[in-house]
S.K.: 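Right, I'll just put the structure down here and ask away after.
Quick note: residue numbers are just sequence positions, from 1. Model, not experiment: these values are computed from the prediction.
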Amino acid sequence: MITPAGRNAFREFLRTEFSEENMLFWMACEELKQESNKSVIEEKARLIYEDYISILSPKEVSLDSRVREVINRNMLEPSQHTFDDAQLQIYTLMHRDSYPRFMNSAIYKDLLQSLSEKSIKA
């Protein structure tokens, strides 16, 4: 999750598992945290809600009811931290569920090999 190459490879893997929305949601939350303009924060929070939280969204992430209630309260006055609980829950899900499978995938092995080849050439 630290390097762009690693995030891209993990996202590609999640796409094969039909759970890419988890990574997209996590990245959108990270982007929201960098924002300081109140009107931009409100707009980005609304878009994140519509794209990943709304039960009507095709990219809805899986969250428990407690976290959904927190988000609904936070949406009354959105901030950079509106989705912190949800982001942590999705990160934990990816860490415990998807990431171990990613570490055994061909996508991960290809990434390691390409990084190894680059370091040999350098």
Side-chain angles (χ1 to χ4, degrees):
M1 298 291 269
I2 296 170
T3 66
R7 279 192 304 271
N8 288 337
F10 187 47
R11 182 174 166 190
E12 183 182 334
F13 172 75
L14 291 174
R15 193 175 300 130
T16 68
E17 292 206 328
F18 304 101
S19 59
E20 178 185 22
E21 66 278 358
N22 291 334
M23 177 64 113
L24 295 173
F25 171 71
W26 185 87
M27 292 187 329
C29 291
E30 287 297 296
E31 187 178 306
L32 178 65
K33 288 178 184 178
Q34 303 305 313
E35 193 55 60
S36 59
N37 181 305
K38 186 173 175 21
S39 61
V40 174
I41 288 169
E42 290 173 354
E43 178 64 15
K44 284 186 177 186
R46 184 185 62 76
L47 290 172
I48 290 170
Y49 188 91
E50 289 174 2
D51 287 348
Y52 304 106
I53 308 302
S54 171
I55 58 172
L56 302 175
S57 172
K59 296 185 288 187
E60 178 190 8
V61 294
S62 180
L63 299 169
D64 65 36
S65 60
R66 181 196 64 80
V67 170
R68 286 184 178 282
E69 288 174 18
V70 169
I71 291 170
N72 288 332
R73 280 195 308 271
N74 290 347
M75 285 300 290
L76 297 173
E77 279 194 52
S79 76
Q80 297 102 319
H81 304 288
T82 296
F83 303 102
D84 284 0
D85 288 352
Q87 186 184 23
L88 178 60
Q89 192 170 83
I90 293 302
Y91 181 86
T92 302
L93 173 71
M94 290 189 298
H95 180 74
R96 289 185 183 157
D97 185 45
S98 304
Y99 195 71
R101 287 194 305 277
F102 170 64
M103 299 287 285
N104 291 314
S105 73
I107 293 170
Y108 179 72
K109 291 173 183 158
D110 290 346
L111 173 66
L112 287 182
Q113 180 157 356
S114 71
L115 293 174
S116 174
E117 289 169 2
K118 285 179 185 175
S119 68
I120 290 170
K121 291 177 184 175

S.K.: Give the intermediate values and the outcome of side-chain contact (heavy atoms from CB on, under 4.5 Å) for residues Phe25 and Phe83.
M.R.: CA-CA 10 Å; Phe25 171 71; Phe83 303 102; 4.1 Å; yes

S.K.: To the nearest 0.5 angstrom, please state how far the OG1 atom of Thr3 sits from the CG atom of Leu115.
M.R.: 7.5 Å

S.K.: For residues Leu32 and Ser79, report the shortest heavy-atom separation together with the two atoms involved.
M.R.: CD2-O, 3.7 Å

S.K.: Of all heavy-atom pairs between Ile71 and Ala86, which one has the smallest distance, and what is that distance?
M.R.: CD1-CB, 3.5 Å

S.K.: Can a donor-acceptor pair be found, under 3.5 Å and without considering hydrogens, that links the side chain of Glu20 to the backbone of Leu14?
M.R.: no

S.K.: Are Ile48 and Met75 connected into the same hydrophobic cluster when the rule is that any two of I, L, V, M, F, W, Y join if their side-chain heavy atoms are below 4.5 Å apart?
M.R.: yes

S.K.: Of the non-hydrogen atoms in Arg68 and Ile53, which two are nearest, and what is the gap between them?
M.R.: NH1-O, 2.7 Å

S.K.: Let's go through Glu69 and Arg66 carefully: what are the C-alpha distance in whole Å and the side-chain angles of both, what is the deciding distance for salt bridge (charged side-chain N to carboxylate O under 4.0 Å, His left out) to 0.1 Å, and is it a yes or a no?
M.R.: CA-CA 5 Å; Glu69 288 174 18; Arg66 181 196 64 80; over 6 Å; no

S.K.: How long is the gap from CG on Asp97 to OG on Ser19, to the nearest 0.5 Å?
M.R.: 7.5 Å

S.K.: Shortest non-hydrogen contact from Gln89 to Asp64?
M.R.: NE2-OD2, 2.6 Å

S.K.: Please report the shortest heavy-atom distance between Trp26 and Met94, naming the atom on each side.
M.R.: CB-CE, 4.1 Å

S.K.: Check step by step if side-chain contact (heavy atoms from CB on, under 4.5 Å) holds for Ile107 and Thr16.
M.R.: CA-CA 10 Å; Ile107 293 170; Thr16 68; 4.2 Å; yes

S.K.: If I take atom CG from residue Leu56 and atom CD from residue Glu50, how far apart are they, to the nearest 0.5 angstrom?
M.R.: 10.0 Å

S.K.: Give the C-alpha distance, both sets of side-chain angles, the deciding distance and a yes or no for side-chain contact (heavy atoms from CB on, under 4.5 Å) between Val61 and Leu24.
M.R.: CA-CA 10 Å; Val61 294; Leu24 295 173; over 6 Å; no

S.K.: Other residues, nucleotides and ligands only: do more than 12 of their heavy atoms fall within 6.0 Å of CD on Glu60?
M.R.: yes

S.K.: Looking at OG1 of Thr82 and CG of Leu76, how far apart are the two atoms once the value is rounded to the nearest 0.5 Å?
M.R.: 10.0 Å

S.K.: Quick check against the 3.5 Å criterion: does Ser116 have a side-chain atom that pairs as donor or acceptor with the backbone of Leu112?
M.R.: no

S.K.: Are any of the side-chain nitrogens in Glu30 or Lys33 under 4.0 Å away from the carboxylate oxygens of its partner?
M.R.: yes

S.K.: Measure the CD-NZ distance between Glu31 and Lys44 for me, rounded to the nearest 0.5 Å.
M.R.: 4.0 Å

S.K.: Taking the six-membered ring for Trp, are Phe102 and Phe13 parallel (under 30°), tilted (30 to 60°) or perpendicular (over 60°)?
M.R.: tilted

S.K.: Passes salt bridge (charged side-chain N to carboxylate O under 4.0 Å, His left out), Arg46 versus Glu42? Steps please.
M.R.: CA-CA 6 Å; Arg46 184 185 62 76; Glu42 290 173 354; over 6 Å; no

S.K.: Tell me whether the rings of His95 and Tyr99 are parallel (<30°), tilted (30 to 60°) or perpendicular (>60°).
M.R.: parallel

S.K.: Rounded to the nearest 0.5 Å, how far does CG of Leu88 lie from CG of Asp84?
M.R.: 8.5 Å

S.K.: Please check if the number of heavy atoms outside Glu77 that lie under 6.0 Å from its CD is greater than 12.
M.R.: no

S.K.: Counting distance only, does the side-chain N/O of Glu35 pair as donor-acceptor with the main-chain N or O of Val40 below 3.5 Å?
M.R.: no

S.K.: For the residue pair Gly6 and Leu111, what are the closest heavy atoms and their distance?
M.R.: CA-CD2, 4.1 Å

S.K.: Is there a chain of hydrophobic side chains (I, L, V, M, F, W, Y, each step under 4.5 Å between heavy atoms) that links Ile41 to Met27?
M.R.: yes

